[in-house]
Visitor: 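Please find one structure pasted underneath; my questions will follow.
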Number of protein chains: 2
Amino acid sequence: MLDPVSRVRRFNRAVTSAVGALDNSFLGRGRPLGAARVLNAIGHGRSDVAEIRDYLGLDSGLMSRLLRTLEDEGLVETTAHADDARRRVAKLTRTGRREFAAYEALSNAQAEGFLARNAQAEALLAAMDMVASALTRERVVLDEMDPQSEEARYCLGEYYAELGRRFKQGFDVSLSRDPDAKDMRRPRGTFIVAMSDTLPIGCVGLKGTDRGYAEIKRLWVAPAARGLRLGRRLMDAAEAAARELGIALLRLDTNSALPEAGQLYRTTGWREIPRFNDDPYPDLFFEKRI
Amino acid sequence: MLDPVSRVRRFNRAVTSAVGALDNSFLGRGRPLGAARVLNAIGHGRSDVAEIRDYLGLDSGLMSRLLRTLEDEGLVETTAHADDARRRVAKLTRTGRREFAAYEALSNAQAEGFLARNAQAEALLAAMDMVASALTRERVVLDEMDPQSEEARYCLGEYYAELGRRFKQGFDVSLSRDPDAKDMRRPRGTFIVAMSDTLPIGCVGLKGTDRGYAEIKRLWVAPAARGLRLGRRLMDAAEAAARELGIALLRLDTNSALPEAGQLYRTTGWREIPRFNDDPYPDLFFEKRI
DNA sequence: GATGATATCTGACTAAAGTCAGACATCATG
DNA sequence: CATGATGTCTGACTTTAGTCAGATATCATC
């Protein structure tokens with residue numbers, strides 16, 4: 001009853017019935033679930049027919065028929081793909097967008113209802129983030145993004161907030177050497193965000209300099225995503241990007257108040273070096289030749 | 001993307017696909033999901049056909065046919081109910097138990113695999129408990145149980161551990177007036193456990209005395225279940241039980257290090273009274289006439 | 001023991017989901 | 001431009017799920 005496996009299974013039972021309830025509310029719009037799922041996949045930006053089929057795990061025959069019924073209802077239009085006329089691209093018509101919005105409203109209402117029923121919403125959301133991150137860990141994708149994109153700014157905000165909590169003296173961005181966004185764009189550097197579905201759960205910056213090396217900056221992993229070895233994946237991706245950009249030497253600075261970071265660097269081929277800048281926050285400096 | 005509703009919806013998507021994967025592994029045993037579900041419901045102790053039908057939300061015709069296919073496979077036997085021959089009772093045959101065990105093994109393997117893939121298992125399990133409790137809050141049932149049952153002892157263990165964390169000086173059960181189990185059994189008193197599915201998530205004891213009042217003891221709500229107003233429900237149930245037992249006056253002691261408890265008592269008709277025992281831990285005393 | 005209620009079962013459906021083989025157009029390649 | 005590969009579509013299925021109207025047996029009650 002109380003062993004870990006039972007707890008996981010209790011969780012499974014609880015969410016199974018919640019998921020079933022949401023499916024039921026979708027049926028309320030008088031369309032079989034299969035068609036509703038295709039409509040929603042298109043609404044969420046999946047346009048390539050093969051991609052949708054793959055995402056929903058449908059047979060090509062079935063997929064084709066579902067698309068046909070949506071076309072007959074006037075909700076979807078399909079056209080040949082611009083680069084390859086064998087492939088088909090689906091998009092919503094005006095009516096289709098309206099119908100999609102109705103499904104979105106159902107989903108949102110369900111989520112809002114759930115939140116409204118529960119006090120302690122923040123603790124609950126943090127728990128849901130954690131579970132969702134663990135469930136989708138195989139599907140975390142690392143995307144290179146502009147350091148001023150919404151996703152990147154979210155990560156950086158969380159990162160600064162965490163430093164503020166972790167450092168005894170707090171953390172004030174303006175005192176730190178805040179890297180210029182332009183140094184973290186190709187071809188000088190890059191900025192990588194780890195996305196779990198639509199939620200950014202980690203980031204790392206590669207900042208180009210004119211001093212014969214590039215710096216790793218802003219490595220952050222969301223609390224909900226710790227234990228998934230995401231820090232390592234982000235560092236690997238940053239190194240790979242550096243190699244692509246012809247960078248041979250990497251440096252970084254960190255603080256001993258972040259022991260898990262130091263640990264990661266030490267076990268992945270970085271070696272400690274003397275201070276190489278005058279930023280007030282770091283007290284540990286590393287270098288890696290790649 | 002980052003608003004609460006989106007986070008809930010991301011969670012929904014994550015668990016939807018996890019649930020789908022488990023359903024798929026069930027299909028691997030060559031039996032449609034409907035039949036597998038009935039078999040598993042019986043295996044988990046639901047024997048009454050009407051109860052299973054209700055639990056799974058099936059039409060009586062469909063239920064009947066699913067039972068027939070399981071009987072034809074030799075997995076299930078149905079007999080008339082001892083008290084009412086209209087009702088049917090299903091039980092697994094020897095082969096049925098073996099088949100049920102195979103499904104259990106699949107579920108367990110899935111859960112174990114999930115746990116094995118994730119470090120930080122305890123944090124993750126706590127998060128899953130919290131989410132599951134929130135999802136099933138309408139289905140929390142309060143059961144009177146023996147204070148020495150496994151469920152009760154689990155609750156008490158968690159309760160003591162929490163006091164140890166909350167009290168500056170720690171908490172040692174042996175120093176406290178640990179109520180005798182026999183005082184928390186009918187007809188002197190009772191012990192109530194809040195069960196969410198198979199997990200105990202809260203408890204309260206009603207301890208009979210020979211001093212003209214009964215005491216409320218061991219009110220505990222699992223961290224994962226806070227915010228569900230469970231404390232209030234437990235107290236209401238304890239009062240109702242006291243009334244049933246002809247008890248007119250209730251007392252309890254608590255500690256100001258547990259502010260949410262004091263808050264609950266004050267808002268539910270309890271009034272503070274002078275110390276009425278010499279237990280070293282409490283510093284607040286309440287009374288309520290019912 | 002007649003009567004209405006209850007629990008299950010059967011027959012006769014429909015709808016939805018899924019499978020599979022081939023048809024057809026298009027693509028990449030030599 | 002012939003050839004094999006790829007992506008989608010159609011037709012012809014099967015299986016699963018679900019619905020509904022009686023039929024049948026049993027129960028509680030008068």
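So that the names make sense, note that chain A is the first sequence line, chain B the second, and so on, each numbered from 1.
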Visitor: Can you sort out which residues in residues 58-65 of chain B have a heavy atom within less than 4.0 Å of DNA chain C? Ascending by number, please.
Guide: Ser60(B), Gly61(B), Ser64(B), Arg65(B)
Visitor: Is there a donor-acceptor pair closer than 3.5 Å between any side-chain N or O of Arg233(A) and the backbone N or O of Val141(A)?
Guide: no
Visitor: Quick one: are Leu199(A) and Asp129(A) in side-chain contact, heavy atoms under 4.5 Å?
Guide: yes
Visitor: Less than 3.5 Å apart, any donor N or O on the side chain of Arg37(A) or Tyr55(A) sitting next to an acceptor on the other?
Guide: no
Visitor: Residues of residues 27-43 of chain A with any non-hydrogen atom less than 4.0 angstrom from an atom of DNA chain C: list those, numerically ordered, please.
Guide: Pro32(A), Leu33(A), Gly34(A)
Visitor: Would you mind reading off the distance between Asp54(B) atom CG and dT8(C) atom P, rounded to a whole angstrom?
Guide: 11 Å
Visitor: For Ser196(A) versus Ile201(A), what's the shortest heavy-atom pair and its separation?
Guide: CB-CD1, 3.7 Å
Visitor: How are the rings of Tyr103(B) and Phe26(B) set to each other: parallel, tilted or perpendicular (split at 30° and 60°)?
Guide: tilted
Visitor: Between the main-chain N or O of Met145(B) and the side-chain N or O of Asp143(B), is there a donor-acceptor pair closer than 3.5 Å?
Guide: no
Visitor: Any idea which heavy atoms bring Val131(B) and Leu124(A) closest together, and the distance?
Guide: CA-CD1, 4.1 Å
Visitor: Closest heavy-atom contact between Val19(A) and Thr16(B)?
Guide: CG2-OG1, 3.7 Å
Visitor: Any side-chain heavy atom of Pro147(B) within less than 4.5 Å of one from Arg185(B)?
Guide: yes
Visitor: Can you check whether Ser107(A) reaches Asn12(B) side chain to side chain, under 4.5 Å on heavy atoms?
Guide: no
Visitor: Under 3.5 Å, which N/O atoms of the protein pair with N/O atoms of nucleotides 4-7 of chain C?
Guide:
| unit_1 | atom_1 | unit_2 | atom_2 | d |
| --- | --- | --- | --- | --- |
| dT6(C) | O4' | Arg86(B) | NH1 | 3.2 |
| dT6(C) | O2 | Arg86(B) | NH1 | 3.2 |

Visitor: Quick check for you: to the nearest 0.5 Å, what is the distance between Leu22(A) atom CG and Arg9(B) atom CZ?
Guide: 8.5 Å
Visitor: Less than 3.5 Å apart, which donor and acceptor atoms pair up between the side chains of residues 237-247 of chain A and the rest of the protein, not counting sequence neighbours?
Guide:
| unit_1 | atom_1 | unit_2 | atom_2 | d |
| --- | --- | --- | --- | --- |
| Glu239(A) | OE1 | Arg243(A) | NH2 | 3.3 |
| Glu239(A) | OE1 | Lys288(A) | NZ | 3.3 |
| Glu239(A) | OE2 | Lys288(A) | NZ | 2.7 |
| Glu244(A) | OE1 | Arg186(A) | NH1 | 3.1 |
| Glu244(A) | OE1 | Arg186(A) | NH2 | 3.4 |

Visitor: Go through DNA chain D in 5' to 3' direction and return only the first and the last nucleotide with some atom under 4.0 Å of chain B's heavy atoms.
Guide: dT16(D) to dC27(D)
Visitor: Could you walk me through whether Ser25(A) and Gln110(A) pass the side chain to side chain donor-acceptor pair (under 3.5 Å) test, one step at a time?
Guide: CA-CA 9 Å; Ser25(A) 88; Gln110(A) 186 264 356; over 6 Å; no
Visitor: Quick one: do Arg88(A) and Asp48(A) make a salt bridge, cutoff under 4.0 Å?
Guide: no
Visitor: Compute the bend angle of the helix from dG1(C)-dC30(D) to dG30(C)-dC1(D) from the end axes (five pairs per end), rounded to 10°.
Guide: 20°
Visitor: Do Thr93(A) and Glu77(A) pair up side chain to side chain, a donor and an acceptor below 3.5 Å, judged on atom types alone?
Guide: no
